[in-house]
Amino acid sequence: MQINDPATLAEVNAAFDAYEQALVGNDVPELDRLFWDSPHTLRYGAGENLYGIEMIRAFRAARPGKNLLRDIIERSVTTFGSDFAVANVAFRRAGEPRIGRQSQTWVRLQGDWQVVSAHVSWADA
């Protein structure tokens with residue numbers, strides 16, 4: 001198995017960049033497109049455990065669409081073969097003393113990179 005094939009790594013980084021733009025812009029349709037449309041998709045948030053795409057969609061619909069900007073201070077993307085990857089970032093938000101952490105598992109499904117699992121948490125600075 002090849003780790004970090006340059007072409008695959010570029011694809012996942014592009015998908016992650018699209019996710020980041022959609023996240024800070026509160027582009028819910030694009031966020032939905034980037035997450036696997038499945039009851040098996042999960043997202044553990046800073047204060048919620050969401051099992052299945054329907055719970056994730058309901059969370060996004062209810063979440064305020066402001067104060068979403070963040071600065072990524074560390075980023076690590078690793079691909080395994082041509083269809084599986086993990087992305088991890090540490091980030092800061094204005095006015096927030098803690099450091100945010102985000103982990104995502106990406107899988108190529110039917111030709112598109114999609115998040116199948118995500119986790120967001122806060123750590124003391």
Does any non-hydrogen side-chain atom of [Y] lie less than 4.5 Å from one of [X]?
| X | Y | value |
| --- | --- | --- |
| Pro29 | Leu31 | no |
| Ile3 | Thr78 | yes |
| Ile99 | Ile73 | yes |

Looking at [X] and [Y], would you say the former's side chain and the latter's main chain have a donor-acceptor pair under 3.5 Å?
| X | Y | result |
| --- | --- | --- |
| Asn4 | Thr79 | yes |
| Arg92 | Arg98 | no |
| Arg43 | Ser117 | no |

For atom [atom1] of [X], decide whether the heavy atoms of other residues, nucleotides or ligands shown that lie under 6.0 angstrom number more than 12.
| X | atom1 | value |
| --- | --- | --- |
| Glu48 | CD | yes |
| Asp71 | CG | no |
| Gln2 | CD | yes |

Atom pair [atom1]/[atom2] of [X] and [Y] - distance to nearest 0.5 Å:
| X | Y | atom1 | atom2 | value |
| --- | --- | --- | --- | --- |
| Thr105 | Phe84 | OG1 | CZ | 5.0 Å |
| Leu23 | Glu30 | CG | CD | 11.5 Å |
| Thr41 | Phe35 | OG1 | CZ | 8.0 Å |

Nearest heavy-atom pair of [X] and [Y]: which atoms, and what distance?
| X | Y | result |
| --- | --- | --- |
| Gly81 | Thr8 | O-CG2, 3.7 Å |
| Arg108 | Asp83 | NE-OD1, 2.8 Å |
| Asn26 | Arg63 | OD1-NH2, 3.1 Å |
| Ala123 | Arg101 | CB-CZ, 3.6 Å |

Evaluation steps, side chain to side chain donor-acceptor pair (under 3.5 Å), between Arg75 and Asn13: CA-CA 10 Å; Arg75 177 171 165 166; Asn13 273 302; 2.8 Å; yes
Any chance you could lay out the side chain to side chain contact (heavy atoms under 4.5 Å, CB included) test for Gln104 and Val86, step after step, and finish with the verdict? CA-CA 6 Å; Gln104 296 174 326; Val86 293; over 6 Å; no
Lys/Arg-Asp/Glu bridge criterion (N-O < 4.0 Å) met for [X], [Y]:
| X | Y | result |
| --- | --- | --- |
| Asp37 | Arg57 | yes |
| Arg60 | Asp32 | yes |
| Glu20 | Arg70 | yes |

I'd like to know whether Trp113 forms a side chain to side chain donor-acceptor pair (under 3.5 Å) with Glu11, so could you lay out the CA-CA distance, the side-chain angles of the two residues, the decisive distance to 0.1 Å, and finally the verdict. CA-CA 8 Å; Trp113 285 100; Glu11 290 174 3; 3.1 Å; yes
Group every Ile, Leu, Val, Met, Phe, Trp and Tyr by side-chain heavy-atom contacts under 4.5 Å, then state whether [X] and [Y] land in the same group.
| X | Y | value |
| --- | --- | --- |
| Val28 | Phe59 | no |
| Trp36 | Phe80 | yes |
| Ile72 | Val120 | yes |

Could you go step by step and tell me if Leu109 and Val116 meet the side chain to side chain contact (heavy atoms under 4.5 Å, CB included) rule? CA-CA 10 Å; Leu109 297 162; Val116 299; 4.1 Å; yes
Give the C-alpha distance, both sets of side-chain angles, the deciding distance and a yes or no for side chain to side chain contact (heavy atoms under 4.5 Å, CB included) between Leu42 and Leu50. CA-CA 6 Å; Leu42 67 90; Leu50 307 173; over 6 Å; no
Aromatic contact, Trp122 with Phe91 (centres under 6.0 Å):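 Trp122 vs Phe91: aromatic centres under 6.0 Å.
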When you compare the side chains of Asn88 and Ser76, does any donor N or O come within less than 3.5 Å of an acceptor on the partner?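 There is no such pair (donor and acceptor under 3.5 Å, judged by atom type) between the side chains of Asn88 and Ser76.
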Within 45° of the six-membered ring axis of Tyr19 and under 6.0 Å from that ring's centre, is NZ or CZ of Arg33 located there?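 Judged by the rule, Arg33 and Tyr19 form no cation-pi pair.
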